[in-house]
Amino acid sequence: MLESKLCQSVATAVNTLYGLQLSSKDISLQKTRKEFEGEFTIAVFPFVRASKKSPEATATEIGQYVKDNLTEVEDFNVIKGFLNFQIAKAYWLTFLNSHQNETDFGFVKAAESEVIMIEYSSPNTNKPLHLGHIRNNLLGWSVTQILKANGKNVVKVNLVNDRGIHICKSMLAWQKWGNGETPLTSGLKGDHLAGKYYVLFNKYYQAEIAELTAKGIEKEIAEKESSLMLAAQEMLRKWEAKDETIILLWETMNAWVYEGFEQTYRRMGIDFDKTYYESSTYLSGKSIVEKGVAEGKLIRKPDQSVWADLTSEGLDEKLLLRSDGTSVYMTQDLGTAFLRHEEYQAQQMIYVVGNEQNYHFDVLKLVLQKLGYNWADTIQHLSYGMVELPAGKMKSREGTVVDADDLMDEMEKTAYDKALELGKIDDFESEEARQLYAVIAMGALKYFILKVDPQKNMLFNPTESIDFNGHTGPFIQYTHARIKSLIKKASADISPISENIEIQSKEIDIIRLLHEYPSVIKIAGENRSPALIANFAFELAKEYNGFYQEITILKEENEVLRNFRLVLSVFTANILKSAMGLLGIDVPERM
RNA sequence: GGUCCCGUAGUUCAACGGAUAGAACGGAAGUUUCCUAAACUUUAAAUACAGGUUCGAUUCCUGUCGGGAUCACCA
């Protein structure tokens, strides 16, 4: 690799010139800023203590050494303490010739047998997916693609939270007020139907609490003694006792929900290799906990509830089984982790879960360690920030949740209106047009979400629809489509580049970006950050658009130059498509 | 209150401890007889505050102020 060669050579230079030992890691190589000559830059300030010379003199000596020893370096210049290298044209041309037609340029061939497991989505079956799930799904999916591009063997798993008190609330409400309504009779998607009853439960529950407090009962007590809540808890106990009626109702409603989820996933372009259901993992969790009690690692209190004492780790006691013997979230997660480890022996188990659960994952790992499972530290919480609305966090109780299906509908409608307005689909068949605006709508939505650093909270304003201009998915899609159109019109075959041509600086800028792609994939994998890929793709598209605007390609009369620019264009289109692919975004052939 | 995260142009996002802090949207001014104007060009505009470490700090450390998350027999 050119970059590591440069660092290595600088390290050798510093060693031979000044006797200072350093590894190539100690050298900060960066891209040369636009306003200076050259492609790569090194700051020599750290070496001046050893050289006992001015930064300028030090940089000049190192530059001369590297120029003499690396054929790739054609020349160098020094500005203050910064050493700028100019790379030989021949190097760039060879690079272009050898990779321009690779569709998997920058990808590492899968060679490793070790498994990385990644969990994402993890929906509850009592309500439909919302904007928060969208970020989760897109992140999980994209990180998977990026890890695969890094040669990893990745297994995508979903964990469906299909049991618990929240599901019972939907079930109870449907039982009481549903009149036998089904997705078929109501015309509602199954997940939306279940969600409707969850909302209904809360409505009546609040009403009951209001009624009780009006009678002078304290709110906290009212919440616990509400007949609806008691009935939901009773239902959960019956469920764990495998009561036939309850199980049947549960299976029926869950089946509706799964059908709805499946549609949403398909539309989002998301899938899984394996789906776990908490209903079949929580028992494993319970038995792990019981085993822990028997071994004296966990505490059973007089009321029969079970706790993990984490005070010596600086945390509190954590409940693992309720006094009535039913399990909690943590119990389920212990069981799921255990089963997964048994099944895959994964080297790493990545959980894509919001940062509101940071504490939960700290506890999960500590409890597993306490129980003696040394694979606890294979668990990594890929903690991502919340999607916030202008008014703050989404609250289902306040009805401010942005529904995933609704949002995708709106995006498509906007894409359609926009395409119509611009006259973009006038000569499209109706089916092709429909596909186009679906692709653009999803491109805009996915890019909007993925361009933000996963760890950071992000803001979504529902009243301003997501843009299609500027730093957006459609901008990159458009750049790709324009190149494709060029290539169609270039009737002659595109051949390897001969070496005697002038390269303009705008062209070098593009080549340098293309050259950087493999290391972007690597760093994005290490950081689990699709945002790095997204920002790279934008930079490349922007750079190409400037080139396209300013430099003639098809109408260039010099055949050799024309060919060179077409090669550059084809390569760029390939990388744009590849990078967007890592984000789960399609790029159209024309738009 | 304890713990954790975050404060960058009007707004939404960038910036392995490196040069004059980059983009996009919005604002102002332009570009189409020419490869797709969902594009391009020019322009105004920002590191919350106070210290410290460093040749060099938006980045690391401490404190202040502001915002968020979490600390459930919820998930």
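Order of the sequence lines fixes the chain letters, A, B, ..., with proteins taken first and strands second; residue numbering starts at 1 for each chain. Just so it is clear, the structure is predicted and the values come from calculations on it, not from any experiment.
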Check if the side chain of [X] and the base of [N] share a donor-acceptor pair of N or O atoms closer than 3.5 Å.
{"X": "A/T552", "N": "B/rC35", "answer": "no"}
{"X": "A/N84", "N": "B/rA19", "answer": "yes"}
{"X": "A/T41", "N": "B/rA19", "answer": "yes"}

Any base atoms under 4.0 Å from [X], or only sugar-phosphate, or nothing? Heavy atoms, all strands.
{"X": "A/I551", "answer": "base"}
{"X": "A/F475", "answer": "sugar-phosphate"}
{"X": "A/Q357", "answer": "base"}
{"X": "A/F448", "answer": "nothing"}

Task: Spacing between A/Q304 atom CD and B/rC73 atom C1', to the nearest angstrom - done: 14 Å
Task: Interatomic distance where NE2 belongs to A/H360 and P belongs to B/rC5 [whole Å] - done: 19 Å
Open item on the list: So, does A/K80 get its side chain near the phosphate of B/rU20, meaning an N or O under 4.0 Å from OP1 or OP2?
Closed with: yes
Open item on the list: At less than 4.0 Å, is any side-chain N or O atom of A/K418 found next to OP1 or OP2 of B/rA38? Yes or no.
Closed with: no
Open item on the list: Between B/rU8 and B/rU47, how far apart are the two C1' atoms, rounded to whole Å?
Closed with: 4 Å
- [ ] Please measure how far the C1' atom in B/rA72 lies from the corresponding atom in B/rC13, and state the result in whole Å.
- [x] 36 Å
Task: For B/rA9, the Watson-Crick or wobble partner whose two distances fall under 3.5 Å - done: none
TODO: Using both distances under 3.5 Å as the test, list the Watson-Crick or G-U wobble partner of B/rU47, or none.
DONE: none
Open item on the list: With the stacking rule set at 5.5 Å and 30°, tell me whether A/F82 counts as stacking on B/rA19.
Closed with: yes
